[in-house]
Student: 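I am attaching a structure below and will ask some questions about it afterwards.
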Amino acid sequence: MYKRQRDSSRLLHYEGALRPEFQGDWKPDAGFNRFGTDVVATMYPAINDIVEWVKTTKDERPLIMCEYSHAMGNSNGSLSDYWDVIRENHGLQGGFIWDWVDQGLDPEDKEQWKFGGDFGDKPNDANFCINGLVWPNRKAHPAMHEFKKLVQPINADAIDLQKGKLELLNRRYFTGFEDILLEWMLEIDGDTVQKGIIKTLKANPGQKMPIRLNLQEPEVLPGQEVYLYLCYILKNPCKWADSGHKFGWDQFRIKEFEKNSDRACYVLQNHYLPNVSISKKSIKIESDQGLISFESNSGRLKQISFGGREFLASSPQLNVWRAPTDNDGVKAWIGNEEKYSSNLISVSTLNRWLNSGLDQLKLTNQICKVSEDFTCLNYGINNGPKQIRFSDMEKNLDQSILQIEVEHQYSCGSISNAFVHYIYWHVFQDLTVWMENKVVVHEELNDLPRIGISFQLQEGFEEFEWFGHGPHESYCDRSAGVRVGCFNSTVNDQYVPYIVPQEHGNKTGLRWITLKDGDISGILISSSSLFEGSVSHFSDEMLFSTSHAFKLKPCPETFVYLDHRQRGLGTGSCGPDTLEKYLIHSGNYHFDYFLRPFDARNSNKNH
C-alpha cells in the first residue's frame, strides 16, 4: 500500500507477488496479485510454460522474466530458443539474464579468481556466485556473443540472394539507421571473393528497407560453399562506443551459386602401392611417404608416421564423457548431502552420470580381422547433413588397399554391454585413413554427455585451422552467435578460462580441421557429415579433477575431441535443463572421420 501511495506513477515489479509460497510455482491466473506487481515476473520459467501462458492468458500485463538463462560457467544454452518465442509472441517482453559478472575475488591481484570456501568461510555456496556473462575483470564470456547476436538492433531477411536482394529490419524503437553503415562480403569456403559497402541506410524505428547488393556469380568448384556475410558498423564515435564498433551481423548461404556434383570431390593422391605386412602384433602399411600401423589384436590405430614425423601420442577410441559444466553439475557439491537432497537439476544430472560410470568405461571384449572384401559399414545410412565433397567416399573403395573390421565392447557401472563400438578402417594408397563408426548405446543409458572419439597428438601440433562455425566456441543449443567461415588459431588459444575448469572450446558445424607442426607436418580431419570438435592442452580428466582455473597445468600434447554429437549446455545450474532436442539418447549412432597426414611444405591439404 505504501509503495502505491508514495509514487503511483511508477511501475511496480515484484516477483514474490506471484509466488505466495516461498520458492513455489508462479501463479499464471489472470490478474493474480495485481496490486503487488504490474508485470508478470517469472523466475527461470521453462519455454513451453511462457508460450502456454501467452497463448491462453487473459492477463493484459506483460511477462518479463525477472531471471532466466543462468550464466554459470559454460552456460546459456537455448538462449536463442527463448528469443524465438519472445519475438513471435506479443506480451513476452524478454527478461534479465542472471548474472552480469562472475563474482570472484582476487585478493593477491594475480587474476587467480576465488570463491566461496576459499577463505575458510563456512557455510558457503562454493562457486554458485560465479554466474556472470563476463569475468570479474569484465572480459566477455563466449556466451555474450550469443546474446549480442540475438538482440542486435538490425536484422536482414533474404528476398532473392542470387540478385543480391535483401530487406533490413530496424528493431529500434526511437532511432533510425543514420548512424549505421553496412559492409558485405561474398565468401567461398571462407575466402572473400567479392565485397562492398553501403554507407547510407534509411529506415524509421520498427520499419524495413530494401537493399540490393552488386553480386556477381562467382566461379565455384564442386563441393565448395558460398556465403554472404553482412556486417553492421557504427559510423561515428558516440558516448558508448568508438567508430567502427560492430552492431551485429547476418549470414546467408547461397546454394544457387554452388555446383553440385555426382562424383566424390575428395581426390586421393596417386602414389606407388604401399607395402602391407601383417603379423601377430601389428598390421603395417608402409610407403615412401610414411607408415600407418594398427594393433593386430585390438584393431587400434597405433601409429601415423609421415615425412619422418610421428603424429599419435594415443590411439583414437570411443569417447562419451566430457568435463562436466556447472549446468551438468556443480562439482564442488559432490558429496554434499544437503545439495544432493535438493531438486536442482544439475545435481541430479552429474550424479546420474557418475553413478552410471560414464567417466570410467572399461573395454571388456575386442575383435579384429582383416577383410578381403572392401565394403562400407554405414552404406546408405543417413547420418545427418552431408558434405558434397566427402559424401561418396564409398565410390573410392576400389582405391583402398586395406580394410580392417573391429568390434569393441565396453562396460560401465553395472551394464556389461553399455557400448558396442564397430569400426571399419579403410586405408588408401596416399595413407589417408577413413574411419567408419557405428556405436550401439544400451537402452538404460538415455542421457549421454557426448558421442564421438578422442585421441592425442604428439607435442608440437599447435597451429589450428578449421572450416565451420566460429570464431569462438559453440554448442548445439548455443550457436546463434557464430558464423560459417575459415578460422586460424592455436591450440593454446582454444582454452576458455572458466573460473571452475569445465568443458569448453567446442566447435559446431565443422567441415574440416587441420593441426600443423609449424610449416612442416600437418593432419587434416574431416567427415562425410558435419561434425563437432575441439582441441586442447587439457584432458577432460584434468578439467574435472581441478577446482580452479589457475591450478591447471597444460600438457605438451594436443588432445583432440571429435564428436558426432555433444549434449547441449542448458541452464540446469539454476533453471531448466537442456531441452529434449539437444540430448543424446540410447540407440545406434553412425558417423565417420577422414584422417590425412600431409607435408605442409608442399601440400594444399586437398580440402
Side-chain angles (χ1 to χ4, degrees), residues 79-80 83-84 86-88 90 93-94 133 140 142-220 224-258 469-472 474 479-487:
L79 193 57
S80 61
W83 274 90
D84 285 344
I86 289 169
R87 296 200 186 280
E88 291 170 2
H90 180 74
Q93 290 195 354
L133 282 173
M144 180 66 85
H145 298 285
E146 184 90 351
F147 183 59
K148 178 183 177 181
K149 178 69 177 74
L150 294 170
V151 299
Q152 66 186 37
I154 182 171
N155 183 71
D157 286 318
I159 304 300
D160 187 337
L161 290 175
Q162 275 188 289
K163 297 180 179 179
K165 293 183 178 181
L166 300 100
E167 192 172 63
L168 302 182
L169 169 65
N170 184 358
R171 286 175 171 166
R172 292 164 156 178
Y173 285 89
F174 304 105
T175 56
F177 281 161
E178 295 80 11
D179 58 339
I180 300 177
L181 62 82
L182 183 153
E183 290 184 354
W184 62 268
M185 286 159 279
L186 189 69
E187 299 175 338
I188 299 177
D189 276 7
D191 294 328
T192 300
V193 295
Q194 298 174 36
K195 60 182 179 180
I197 185 170
I198 299 178
K199 295 184 178 181
T200 302
L201 302 174
K202 293 183 179 180
N204 292 326
Q207 301 299 307
K208 297 180 179 180
M209 68 165 290
I211 61 171
R212 183 164 186 171
L213 309 178
N214 184 27
L215 294 183
Q216 305 297 318
E217 183 168 354
E219 293 185 9
V220 182
Q224 289 185 320
E225 299 179 28
V226 181
Y227 286 89
L228 176 64
Y229 175 53
L230 310 178
C231 190
Y232 314 116
I233 298 174
L234 181 66
K235 288 183 180 178
N236 301 307
C238 62
K239 291 181 179 180
W240 53 271
D242 296 328
S243 60
H245 172 77
K246 294 182 179 180
F247 279 100
W249 56 272
D250 282 302
Q251 186 181 54
F252 302 91
R253 186 171 180 177
I254 309 181
K255 289 191 175 182
E256 294 82 357
F257 285 165
E258 297 174 5
H469 289 155
H472 44 268
S474 59
S479 60
V482 289
R483 66 183 183 91
V484 175
C486 190
F487 303 96

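Predicted, not measured: the structure shown is a model, and the values here were computed from it.
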Student: Does K235 reach the main-chain N or O of K199 with its side chain, forming a donor-acceptor pair under 3.5 Å?
Tutor: yes
Student: Could you tell me whether R483 sits above the aromatic face of Y229, with NZ or CZ closer than 6.0 angstrom to the six-membered ring centre and within 45 degrees of the axis?
Tutor: yes
Student: Atom NZ in K255, atom OH in Y227: separation rounded to 0.5 Å?
Tutor: 8.0 Å
Student: Would you mind reporting whether L186 and K195 have side-chain heavy atoms less than 4.5 Å apart?
Tutor: no
Student: Mind checking whether V484 and R253 have side chains closer than 4.5 Å, heavy atoms only?
Tutor: no
Student: E258 and V220: which non-hydrogen atoms are nearest, and at how many Å?
Tutor: CA-CG1, 4.2 Å
Student: Specify the closest pair of heavy atoms between W184 and I197, including all atoms of both residues, with the distance to one decimal.
Tutor: NE1-N, 3.8 Å
Student: Where is the tightest heavy-atom contact between L133 and A143, given as atom of each residue plus distance?
Tutor: CD2-CB, 4.2 Å
Student: Here's one to test your reading of the geometry: is the NZ or CZ of R172 within 45 degrees of the ring axis of F247 and under 6.0 Å from its centre?
Tutor: yes
Student: CE of M185 to CD of Q251: how many Å apart, nearest 0.5 Å?
Tutor: 10.0 Å
Student: Whether the side chain of H145 engages the backbone of P471 through a donor-acceptor N/O pair (distance < 3.5 Å, no angle test) should be reported.
Tutor: no
Student: For a quick test of reading the model, state the closest non-hydrogen atom pair linking Q224 to I188 and the distance between them.
Tutor: OE1-CG2, 3.4 Å
Student: Atom CG of N236 and atom CD of E178: how far apart are they, to the nearest 0.5 Å?
Tutor: 12.0 Å
Student: Using every non-hydrogen atom in the two residues, find where A203 and N170 come nearest and quote the distance to one decimal.
Tutor: O-ND2, 3.0 Å
Student: Where do F177 and L201 come nearest, in terms of heavy atoms and distance?
Tutor: CB-O, 3.4 Å
Student: Rounded to the nearest 0.5 Å, what separates atom CG in L166 from atom CG in L161?
Tutor: 5.5 Å
Student: Return yes if some donor-acceptor pair links the side-chain N/O of E146 with the main-chain N/O of S80 below 3.5 Å, else return no.
Tutor: no
Student: Could you give me the CA-CA distance, side-chain angles and deciding distance for I154 and L182, then say whether side chain to side chain contact (heavy atoms under 4.5 Å, CB included) is met?
Tutor: CA-CA 11 Å; I154 182 171; L182 183 153; 5.7 Å; no
Student: D189 side chain to E225 main-chain N or O, any donor-acceptor pair under 3.5 Å?
Tutor: yes
Student: Is there a side-chain contact between R171 and Q152 (heavy atoms, below 4.5 Å)?
Tutor: yes
Student: Can D250 and N155 be said to form a side chain to side chain contact (heavy atoms under 4.5 Å, CB included), step by step?
Tutor: CA-CA 7 Å; D250 282 302; N155 183 71; 3.6 Å; yes
Student: Do side-chain atoms of K149 reach the backbone of G248 as a donor and acceptor pair under 3.5 angstrom?
Tutor: no
Student: How long is the span from the NZ atom in K163 to the CG atom in L213, to the nearest 0.5 Å?
Tutor: 14.5 Å
Student: Between the main-chain N or O of I159 and the side-chain N or O of E167, is there a donor-acceptor pair closer than 3.5 Å?
Tutor: no
